[in-house]
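For reference, the structure is listed below as structure tokens.
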Amino acid sequence: MSTDTPDAPSDDAPSDDPPSRAELAARVNELEDALDEATSADGTKKMSIIATKGTLDMAYPPLILASTAAAFGYEVTVFHTFWGLDILHEERSKNLKLSSVGNPNMPVPNAVAALPGMDRVTTKMMEKKIADNDTATIEELIETSLDMGVEFQACQMTIDLMDYDEADFYDGVTTGVGAATALQDMADADIQLLV
């Protein structure tokens, strides 16, 4: 006759007693640490901006947003397409105009704004305001942004369509970028903006 006796419980065997508050708190802390580690693989947030306009007043928003986000540690890309490509063109970026027609914030009525030469007048007014307020120029914002790691992308289709020479862009601009790359960048970004 066999005298088998049940095995004595080991220290590793689960207990039928509910865990104590201290054990639960320790487990919650352990899980929160694991979650933080898993969700912040490199800790870098991404911002993707699409710049479509090349007027003086519309060149500033993507550049200011990009440089500010980079200063806060974001990985930033700005995809320039159509007239937004003029912002990246070394010569054209120094001569961007401010359109006075259809701009409700201009201090002139549309009938006056439509007169020949008014865009030149309103552009000079804005350039004076920029200089008087010691605001960074487009060139300075681009150079600062590039130094901070912002990636400026030039739409290849627009380069071909507008017959731009890639050598005319600022040093550091990424050329040969298509819409599919821009869309993937936006899909991967935490913040997506169309300017």
Side-chain angles (χ1 to χ4, degrees), residues 44-155 158-159 161-175 177 182 185-186 189-195:
T44 303
K45 291 191 176 245
K46 287 187 67 174
M47 176 185 270
S48 179
I49 303 172
I50 308 295
T52 62
K53 297 174 180 64
T55 58
L56 181 60
D57 56 330
M58 291 308 294
Y60 275 91
L63 297 175
I64 291 169
L65 290 166
S67 58
T68 302
F72 279 105
Y74 279 78
E75 179 184 321
V76 183
T77 57
V78 186
F79 180 74
H80 294 257
T81 188
F82 278 81
W83 304 121
L85 213 52
D86 285 351
I87 299 168
L88 301 180
H89 192 282
E90 278 196 80
E91 288 307 312
R92 291 177 185 254
S93 68
K94 295 172 186 165
N95 298 304
L96 298 178
K97 305 289 183 247
L98 178 65
S99 177
S100 51
V101 176
N103 189 337
N105 292 324
M106 292 306 297
V108 293
N110 273 338
V112 175
L115 293 173
M118 280 307 292
D119 283 351
R120 187 174 36 230
V121 171
T122 54
T123 298
K124 289 294 179 198
M125 287 170 48
M126 181 57 83
E127 288 172 343
K128 182 178 181 338
K129 205 174 253 226
I130 289 168
D132 289 349
N133 285 299
D134 202 25
T135 302
T137 65
I138 300 300
E139 182 179 15
E140 290 169 338
L141 282 171
I142 288 173
E143 289 173 358
T144 299
S145 297
L146 285 167
D147 288 345
M148 296 173 78
V150 172
E151 181 181 0
F152 290 114
Q153 301 174 338
C155 174
T158 307
I159 291 171
L161 180 67
M162 304 293 191
D163 201 28
Y164 285 126
D165 184 345
E166 294 178 15
D168 292 336
F169 295 121
Y170 285 94
D171 289 339
V173 169
T174 304
T175 57
V177 180
D185 187 69
M186 289 183 78
D190 299 288
I191 299 173
Q192 305 92 5
L193 300 171
L194 173 65
V195 181

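Quantities reported herein were computed from a predicted structural model and do not represent experimental measurements. Values below: all heavy atoms of this structure, side chains included; hydrogens, waters and symmetry mates excluded. Just so you know, residue 1 is the first one in the sequence shown, and it goes up from there.
In this structure, the salt bridge (charged side-chain N to carboxylate O under 4.0 Å, His left out) partners of Asp132, at least two apart in sequence or on a different chain, are Lys128. Among residues two or more places apart in sequence or in another chain, the salt bridge (charged side-chain N to carboxylate O under 4.0 Å, His left out) test is passed with Glu127 by Lys124. When the side chain to side chain contact (heavy atoms under 4.5 Å, CB included) test is applied to Glu143, the partners found at least two apart in sequence or on another chain are Glu139. Applying the side chain to side chain contact (heavy atoms under 4.5 Å, CB included) rule to Leu65 yields the partners Ile49, Leu193; only residues at least two apart in sequence or on another chain are considered. Judged as a ring-ring contact (aromatic ring centres under 6.0 Å, His included), and not counting sequence neighbours, Phe79 has no contacts.
For the residue pair Tyr170/Ser93, the side-chain donor-acceptor check at 3.5 Å is satisfied. For the 3.5 Å distance criterion, the side chains of Gln153 and Thr77 fail to qualify, holding no donor opposite an acceptor.
Counting heavy atoms from C-beta outward, Leu85 and His80 have side chains that approach closer than 4.5 Å.
Ring-plane geometry between His89 and Phe169 is classed as perpendicular, the angle between the planes exceeding 60 degrees on a 0 to 90 degree scale with a lower cut at 30.
Residue pairs meeting the salt bridge (charged side-chain N to carboxylate O under 4.0 Å, His left out) criterion with at least one partner in residues 46-68, sequence neighbours excluded, are Lys46-Glu75, Lys46-Asp185.
In terms of modelled atom types and a separation under 3.5 Å, the side chain of Asp165 and the main chain of Ala167 share a donor-acceptor contact. No donor-acceptor pair closer than 3.5 Å links the side chain of Ser48 to the backbone N or O of Val76.
Between Ala51 and Val78, the shortest heavy-atom distance links the atoms CB-CG1, 4.1 Å.
Within the model, atoms OG1 of Thr135 and CE of Met126 stand 9.5 Å from one another, a figure rounded to the nearest 0.5 Å.
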